[in-house]
K.L.:
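Dumping the structure here so I can ask a few things about it.
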Amino acid sequence: MAPSLDDGSSLFNFVVRDGNGVKGMVDLGLSTVPKPYVQPPKERIDKRMATRHEGAPIDLSRLDGPDHDEVVKGIVMAAETLGFFQLVNHGVPVDLLESLKDAAHDFFGQPSEKKAVYRKEVSPSPLVKYGTSFVPEKEKALEWKDYISMIYTNDAEALRQWPKECREVALEYLKTSMTMVRRLLEILMGNLGVELDDTKIDGLIGMKMVNMNFYPTCPDPDLTVGVGRHSDMGTLTILLQDGIGGLYVKVAEEIANIGKKGEWVEIPPVPGALVINIGDALQILSNGKYKSAEHRVRTTSTKSRVSVPIFTSPRPSEKIAPLPQVVEKDGMACYREVIFGDYMRNFFGNVHDGKKSLEFAQI
């Protein structure tokens, strides 16, 4: 039964509990934004107040030639400042990226009941979760986003348990991205004086998850957010965005040619590129040298948007703390040792609120 859009409780049950999602609500026909989705003025994204990041993407293929040192310098500098950069010639086939976007539209284009079987309470697999917003039970204003989240354990389980509409292409995306992730980690950890072997790499990215995010068209993007202000909890995030755009990153400290402290910068879509961002775990390990990026997503009124992130993180049982090599150089640790599973529980137990999640590990 269709809910009353003016009744917050009825709408919450329809969108969240029954699994219709924001898309199900939009498909009812909306001319205005329902009240539960209207953000307080300070959380709204004013496009006119943001600058556009015009820097060229980093060409990863140049690592193998005479420009190696220049590419390394660009990656390290981005990690130390904005915490975000874009890569081209990254080794993931561009036609695979196009198929991935199509698969996301296919999954979210299904009737609500087909998606709702993966709701956390009823999902047939502990690896797959379909949901909407971030922590809808605790949020004062909901986020304009539906998602499917797929945890990777091994190929066989992914092919058996992930949704059939997207499992093969999502798995291929994950697997073909790992060479790039390894190279990035070798550069970033090498810059901290750490040589990586397979065991250390597994310690950094032993947990992997592919999400597909769907942002339906919105009658008034100025009142809503697709995703609120947050940083990612893990090591590195690899993000495929479509051509619509809407990703904004906060400048932590003034960066020449990019923005002043506290400003929001739009990361425009670049055809064939992947967006990389630093997560909280890497900020902790680097003792704050690398910056996890605070970011958010604006909605759009013209066309539904999809994005497909890969989240790489330490395993929940892993202990993380600033690396001894970095603490020795810095003279003190800025973060305490935490079990990553505890950090995760804190992260997922609270609403999006900028980089507040890092306070859990701060000394």
Side-chain angles (χ1 to χ4, degrees), residues 56-64 71 75 84-110 115 118 125 127-130 145-187 201 205-215 226 232 234-247 267-277 279 297 303-313:
I58 294 169
D59 183 344
L60 201 62
S61 66
R62 291 169 62 219
L63 263 183
D64 299 322
V71 175
I75 289 168
F84 253 87
F85 52 97
Q86 299 209 61
L87 285 183
V88 291
N89 296 323
H90 37 62
V92 183
V94 173
D95 58 353
L96 174 63
L97 300 181
E98 292 306 311
S99 301
L100 202 54
K101 290 183 263 190
D102 292 342
H105 279 289
D106 288 347
F107 178 82
F108 289 102
Q110 298 182 99
K115 296 173 284 188
Y118 293 108
S125 167
L127 307 180
V128 183
K129 178 189 164 192
Y130 165 76
K145 178 190 88 168
D146 300 331
Y147 67 88
I148 184 85
S149 176
M150 299 167 277
I151 296 170
Y152 177 80
T153 46
N154 58 54
D155 291 7
E157 285 199 328
L159 290 172
R160 196 164 56 246
Q161 298 188 36
W162 291 5
K164 68 177 190 305
E165 296 74 20
C166 54
R167 60 189 171 207
E168 286 178 8
V169 69
L171 180 59
E172 190 65 18
Y173 171 49
L174 177 68
K175 289 169 71 175
T176 53
S177 297
M178 283 307 113
T179 303
M180 167 190 66
V181 169
R182 188 181 183 119
R183 296 194 86 177
L184 292 173
L185 286 175
E186 283 168 351
I187 289 166
I201 290 226
I205 58 165
M207 187 169 76
K208 303 173 190 74
M209 186 163 76
V210 182
N211 273 29
M212 287 183 164
N213 299 324
F214 187 77
Y215 305 93
D232 294 343
T235 303
L236 287 177
T237 300
I238 298 89
L239 175 76
L240 170 65
Q241 47 172 353
D242 64 14
I244 294 166
L247 176 62
I267 308 292
V270 173
L274 289 168
V275 180
I276 310 295
N277 72 279
V297 175
K303 204 175 173 193
S304 294
R305 173 180 184 265
V306 293
S307 69
V308 190
I310 297 171
F311 298 108
T312 67
S313 307

K.L.:
Assign the ring pair Trp162 / Tyr152 to parallel, tilted or perpendicular, where the plane angle (0 to 90°) is split at 30° and 60°.
P.N.:
perpendicular
K.L.:
Which pair of heavy atoms, one from Ala103 and one from Met212, lies closest together, and at what distance?
P.N.:
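Heavy atoms of Ala103 and Met212 come nearest at CB-CE, 4.3 Å.
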K.L.:
Hey, what do you get for CG (Leu236) to CD1 (Ile205), rounding to the nearest 0.5 Å?
P.N.:
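The distance works out to 8.0 Å.
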K.L.:
May I ask you to decide if the ring planes of His105 and Phe214 are parallel, tilted or perpendicular, using 30° and 60° as cut-offs?
P.N.:
perpendicular
K.L.:
Given side chains that start at C-beta, do those of Asn213 and Val297 come closer than 4.5 Å, heavy atoms only?
P.N.:
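A side-chain contact under 4.5 Å is absent here.
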K.L.:
Apply side chain to side chain contact (heavy atoms under 4.5 Å, CB included) to Leu127 and Met150, showing your working.
P.N.:
CA-CA 6 Å; Leu127 307 180; Met150 299 167 277; over 6 Å; no
K.L.:
Which heavy atom of Ala273 sits nearest a heavy atom of Val88, and at what distance?
P.N.:
CB-CG1, 3.8 Å
K.L.:
Hey, does Ile276 have a side-chain heavy atom less than 4.5 Å from the side chain of Ile58?
P.N.:
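Contact flag for Ile58/Ile276 side chains = no.
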K.L.:
Less than 4.5 Å apart, any side-chain heavy atom of Ile75 and any of Leu60?
P.N.:
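When only atoms from C-beta onward are counted, Leu60 and Ile75 do touch, with a gap below 4.5 Å.
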K.L.:
NZ/Lys175 to CG/Leu96 distance, rounded to the nearest 0.5 angstrom?
P.N.:
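The distance works out to 11.5 Å.
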K.L.:
May I ask you to check whether Arg167 and Gln161 show a side-chain donor-acceptor distance below 3.5 Å?
P.N.:
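The answer is no; no qualifying pair exists.
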K.L.:
CG of Leu174 to CG of Asp155: how many Å apart, nearest 0.5 Å?
P.N.:
8.5 Å
K.L.:
Tyr215 vs Ile244, test: side chain to side chain contact (heavy atoms under 4.5 Å, CB included). Steps then yes/no.
P.N.:
CA-CA 11 Å; Tyr215 305 93; Ile244 294 166; over 6 Å; no
K.L.:
State, to 0.1 Å, how close Glu168 and Leu159 come at their nearest heavy-atom pair, and which atoms those are.
P.N.:
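Taking every non-hydrogen atom into account, CG-CD2, 3.8 Å.
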K.L.:
Look at the side chain of Gln241 and the backbone N and O of Ile267, then say whether any donor-acceptor pair between them is shorter than 3.5 Å.
P.N.:
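Yes; judged by distance alone, with no hydrogens or angles, the pair exists.
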K.L.:
Identify the heavy atoms of Pro163 and Phe107 that sit nearest to each other, and give their distance.
P.N.:
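Where Pro163 meets Phe107 most closely, the heavy atoms are CB-CE1, 3.9 Å.
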K.L.:
Find out whether Leu274 and Leu97 are in side-chain contact, i.e. whether some heavy atom of one side chain is under 4.5 Å from a heavy atom of the other.
P.N.:
yes
K.L.:
Are the side chain of Asp242 and the backbone N or O of Val306 linked by a donor-acceptor pair below 3.5 Å?
P.N.:
yes
K.L.:
Give the minimum heavy-atom separation between Gly234 and Ser313, together with the two atoms involved.
P.N.:
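Residues Gly234 and Ser313, closest heavy atoms: CA-OG, 3.5 Å.
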K.L.:
With side chain to side chain contact (heavy atoms under 4.5 Å, CB included) as the criterion, how do Met207 and Phe311 come out once you've worked through the C-alpha distance, each side chain's angles and the decisive distance to 0.1 Å?
P.N.:
CA-CA 8 Å; Met207 187 169 76; Phe311 298 108; over 6 Å; no
K.L.:
When you check the gap from the basic side-chain N to the acidic O, do Glu98 and Lys101 get nearer than 4.0 Å?
P.N.:
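Judged by the 4.0 Å cut-off on N to carboxylate O distance, Glu98 and Lys101 do form a salt bridge.
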K.L.:
In Å, rounded to the nearest 0.5 Å, how long is the span from OG of Ser177 to CG of Leu240?
P.N.:
9.5 Å
K.L.:
Considering all heavy atoms of both residues, which atom of Tyr130 and which atom of Phe108 are nearest to each other, and what is their separation?
P.N.:
CE1-CE2, 4.1 Å
K.L.:
With side chain to side chain contact (heavy atoms under 4.5 Å, CB included) as the criterion, how do Leu87 and Leu184 come out once you've worked through the C-alpha distance, each side chain's angles and the decisive distance to 0.1 Å?
P.N.:
CA-CA 11 Å; Leu87 285 183; Leu184 292 173; 4.0 Å; yes
K.L.:
Got a donor-acceptor contact below 3.5 angstrom from the Gln86 side chain to the Pro268 backbone?
P.N.:
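Judged by distance alone, yes, a pair lies under 3.5 Å.
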K.L.:
Measure the spacing between OG1 of Thr176 and NE2 of His90 and express it to the nearest 0.5 Å.
P.N.:
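Between atom OG1 of Thr176 and atom NE2 of His90 there are 9.0 Å.
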K.L.:
Calculate, to the nearest 0.5 Å, the distance between atoms CG and SG belonging to Asp102 and Cys166 respectively.
P.N.:
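Taking CG in Asp102 and SG in Cys166, the distance rounds to 12.5 Å.
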K.L.:
Within the distance-only criterion (no hydrogens, no angle test), does the side chain of Thr312 pair as donor or acceptor with the backbone N or O of Thr235 below 3.5 angstrom?
P.N.:
no
K.L.:
Does a side-chain N-to-carboxylate-O contact under 4.0 Å join Lys115 and Asp146?
P.N.:
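So Lys115 does not pair with Asp146 through a salt bridge.
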K.L.:
Can you tell me if Tyr173 uses its side chain to pair, donor with acceptor, with the backbone of Val308 under 3.5 Å?
P.N.:
yes
